[in-house]
K.L.:
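First, the structure itself, so that you have it in front of you.
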Amino acid sequence: MMTIIFSLSAVILFASLGCGLYRLVRGPRLLDQVLAFDYICVCILALITLRSMYLGTDVYLEVILIFSLLGFATVISFMEAFFARLQRKKKD
């Protein structure tokens, strides 16, 4: 029973990851692409967590922590660059 639940959860997460990739590629604006990147990071974290739960191990916890920090720092960097560009456009 648990194998079915883990498999169904993985399928749903991969479908969500596909939707995020579509938005990343087809996003009409930069903000849509940044949000899609953050969404993809969350989906990958959920997949790693699901695998860790399925295997019954806590080996992946460090990977989850590092990946979440990298995803957060990347989104903050994107937003910083975006707002800097907006401020330059307002000055011109």
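These figures come from a predicted structure and were not determined experimentally.
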K.L.:
Run through the side-chain heavy atoms of Ile, Leu, Val, Met, Phe, Trp and Tyr, join any pair under 4.5 Å, and report what else lands in Val25's cluster.
P.N.:
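Noted: Val25 shares its cluster with no other residue.
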K.L.:
Indicate every side-chain donor-acceptor pair of residues 30-47 with a distance under 3.5 Å to a residue at least two apart or in another chain.
P.N.:
{"residue": "Gln33", "atom": "NE2", "partner": "Leu24", "partner atom": "O", "Å": "3.4"}

K.L.:
Nearest 0.5 angstrom please: Ser9 OG to Met53 CE, how far?
P.N.:
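Going from OG on Ser9 over to CE on Met53, the span is 8.0 Å.
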K.L.:
Linking I/L/V/M/F/W/Y whenever any side-chain heavy atoms sit under 4.5 Å apart, do Val11 and Ile4 land together?
P.N.:
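No.
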K.L.:
Applying ring-ring contact (aromatic ring centres under 6.0 Å, His included), which residue pairs with at least one partner in residues 44-66 are found, sequence neighbours left out?
P.N.:
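Qualifying pairs: Phe6-Tyr54.
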K.L.:
Linking directly or through intermediates, with side-chain heavy atoms under 4.5 Å: list the remaining ILVMFWY members grouped with Tyr22, chain and number order.
P.N.:
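Members besides Tyr22: none; it forms no cluster.
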K.L.:
Name every donor-acceptor pair, under 3.5 Å, that has one atom in a side chain of residues 66-75 and the other anywhere in the protein, sequence neighbours excluded.
P.N.:
{"residue": "Ser68", "atom": "OG", "partner": "Ile64", "partner atom": "O", "Å": "3.2"}
{"residue": "Ser68", "atom": "OG", "partner": "Leu65", "partner atom": "O", "Å": "2.8"}
{"residue": "Thr74", "atom": "OG1", "partner": "Leu70", "partner atom": "O", "Å": "2.7"}

K.L.:
When hydrophobic residues are tied together by side-chain contacts of less than 4.5 Å, even through go-betweens, does Leu55 share a cluster with Ile48?
P.N.:
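Leu55 and Ile48: one cluster.
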K.L.:
If you define the side chain from C-beta out and look only at heavy atoms, does anything of Ser7 sit under 4.5 Å from Met2?
P.N.:
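Result no, sub-4.5 Å side-chain heavy-atom pair not found.
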K.L.:
Going by atom type alone, with no hydrogens or angles, which donor-acceptor pairs under 3.5 Å involve a side-chain atom of residues 12-21 and a protein atom two or more places apart or on another chain?
P.N.:
{"residue": "Ser16", "atom": "OG", "partner": "Ile12", "partner atom": "O", "Å": "3.1"}

K.L.:
Would you give the length of the straight line joining atom CZ of Phe83 to atom NZ of Lys90, rounded to the nearest 0.5 angstrom?
P.N.:
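Answer for the CZ-NZ pair, Phe83 versus Lys90, is 9.0 Å.
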